[in-house]
Amino acid sequence: MAEHRIEIELKYAAESSARHALVVAERLGPARLGPVVVNDETDVYLDTPDGHLARAAWACRLRTRRVAGASTVRISLKGPATAVVGGMHRRPEVEGPATHSIDPAAWPRSPARDLLDALRAGEPLAEVLTLQQRRRERDVLNARGGLIGILSIDEARVRRLGTELGILSAVELELAPGRVAAELAPFATALTTLPGLTPDARSKLEHALDMARDITAARG
């Protein structure tokens with residue numbers, strides 16, 4: 001299996017008041033917040049028609065990020081959470097370069113592509129859901145200017161086969177590489193006590209799949 005890093009992040013469901021407060025805040029807990037950087041992203045979640053990846057508890061995300069007129073495409077594979085305590089998530093992640101095609105053969109070779117090929121076992125991929133997302137990102141910096149993590153203030157429109165299903169609003173704080181999970185503790189306290197934020201034990205994909213199931217059930 002491909003080598004992977006462990007992604008460690010805090011996740012919160014967010015009301016608009018909390019998102020606005022974090023956009024304008026100068027500090028978060030003991031840290032200084034950097035300027036807001038706005039990124040527009042399209043996340044296409046992929047699986048085989050019979051759900052090979054879901055059964056293995058892996059998610060495949062094809063992300064197009066647009067910044068200042070330029071775009072990049074990357075594939076991310078996220079594995080099962082090894083621990084979820086309150087809003088803190090830990091899970092394996094493997095990333096690599098990709099193209100807009102949903103056929104991995106059209107992507108550059110990478111550990112992420114190799115892992116996906118193993119998980120899909122020769123089956124083609126299909127779109128599960130798409131999130132059209134605007135992310136407002138801010139560096140979380142210690143007193144010496146060192147990067148502790150990235151705070152993301154997100155609003156995403158959930159679509160399936162071109163039909164909009166709803167909107168997800170979230171705040172996430174992802175720990176920077178080389179940092180240890182204990183460093184997130186003061187930020188978990190600061191974010192949990194901010195009105196309008198609720199620790200979230202689930203991923204955006206899980207919430208989006210619930211939206212799709214609810215709409216299917218309502219129509220049935």
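Position 1 is the first residue of the sequence; numbering continues from there.
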Could you check Tyr45 against Leu209 for side-chain contact (heavy atoms from CB on, under 4.5 Å), going step by step and ending with a plain yes or no? CA-CA 11 Å; Tyr45 287 90; Leu209 288 170; over 6 Å; no

Could you walk me through whether His20 and Ser17 pass the side-chain contact (heavy atoms from CB on, under 4.5 Å) test, one step at a time? CA-CA 5 Å; His20 175 72; Ser17 59; 5.9 Å; no

Residue pair Val180, Glu183: steps toward the side-chain contact (heavy atoms from CB on, under 4.5 Å) verdict: CA-CA 6 Å; Val180 296; Glu183 294 180 82; 3.6 Å; yes

Determine whether Thr163 and Leu161 satisfy the following criterion, side-chain contact (heavy atoms from CB on, under 4.5 Å), listing intermediate values before the conclusion. CA-CA 6 Å; Thr163 299; Leu161 302 177; 5.6 Å; no

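Residues Glu9 and Arg91 have side chains in contact (heavy-atom distance under 4.5 Å, counting atoms from C-beta outward). For the pair Ser152/Leu173, no side-chain contact is recorded, criterion being any heavy-atom separation below 4.5 Å from C-beta on. A heavy-atom distance below 4.5 Å is not found between the side chains of Met211 and Leu129. Side chains of Leu194 and Val171 form no contact here, defined as non-hydrogen atoms less than 4.5 Å apart. Looking at Leu205 and Leu131, their side chains never come closer than 4.5 Å, going by heavy atoms from C-beta outward.
Leu119 contributes atom CG, which lies 11.5 Å from atom CZ of Arg55 (distance to the nearest 0.5 angstrom). Note that the CZ atom of Arg65 and the CG atom of Asp40 stand 10.0 Å from one another [nearest 0.5 Å]. Rounding to the nearest 0.5 Å places CG of Asp43 at 8.5 Å from CG of Leu62. Atom CZ in Arg109 sits 7.5 Å away from atom CG in Asp117 (nearest 0.5 Å). Considering NE2 of His52 and CG of Asp50, their distance stands at 5.0 Å, rounded to 0.5 Å. To the nearest 0.5 Å, the span separating CG on Asp154 from CD1 on Ile167 amounts to 13.0 Å.
Pairs passing the salt bridge (charged side-chain N to carboxylate O under 4.0 Å, His left out) check and including a residue from residues 162-172, sequence neighbours excluded, read Lys11-Glu172, Arg135-Glu172, Arg157-Glu164, Arg159-Glu164, Glu172-Lys204.
Under a 3.5 Å cut-off, the side chain of Thr192 and the backbone N or O of Thr189 do not form any donor-acceptor pair. With hydrogens and angles ignored, the 3.5 Å screen pairs no side-chain donor or acceptor of Arg5 with any backbone N or O of Pro177. Side chain of Arg113 to backbone of Trp107: a donor-acceptor contact under 3.5 angstrom is found. Distance alone, capped at 3.5 Å, places no donor-acceptor pair between the His89 side chain and the Glu7 backbone.
Partner of Leu147 under the side-chain contact (heavy atoms from CB on, under 4.5 Å) criterion, out of Asn142, Asp139, Val140: Asp139 alone.
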Name the atoms and distances for all side-chain donor-acceptor pairs under 3.5 Å in residues 70-77, with sequence neighbours left out.
| from | atom 1 | to | atom 2 | distance (Å) |
| --- | --- | --- | --- | --- |
| Ser76 | OG | Arg61 | NH2 | 3.0 |
| Ser76 | OG | Glu95 | OE2 | 2.7 |

Quick one: side chains of residues 28-38, donor-acceptor pairs under 3.5 Å with protein atoms, not counting sequence neighbours, listed by atom name and distance.
none

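Scanning both residues, Val23 and Arg138, for their nearest heavy atoms gives O-NH1, 3.0 Å.
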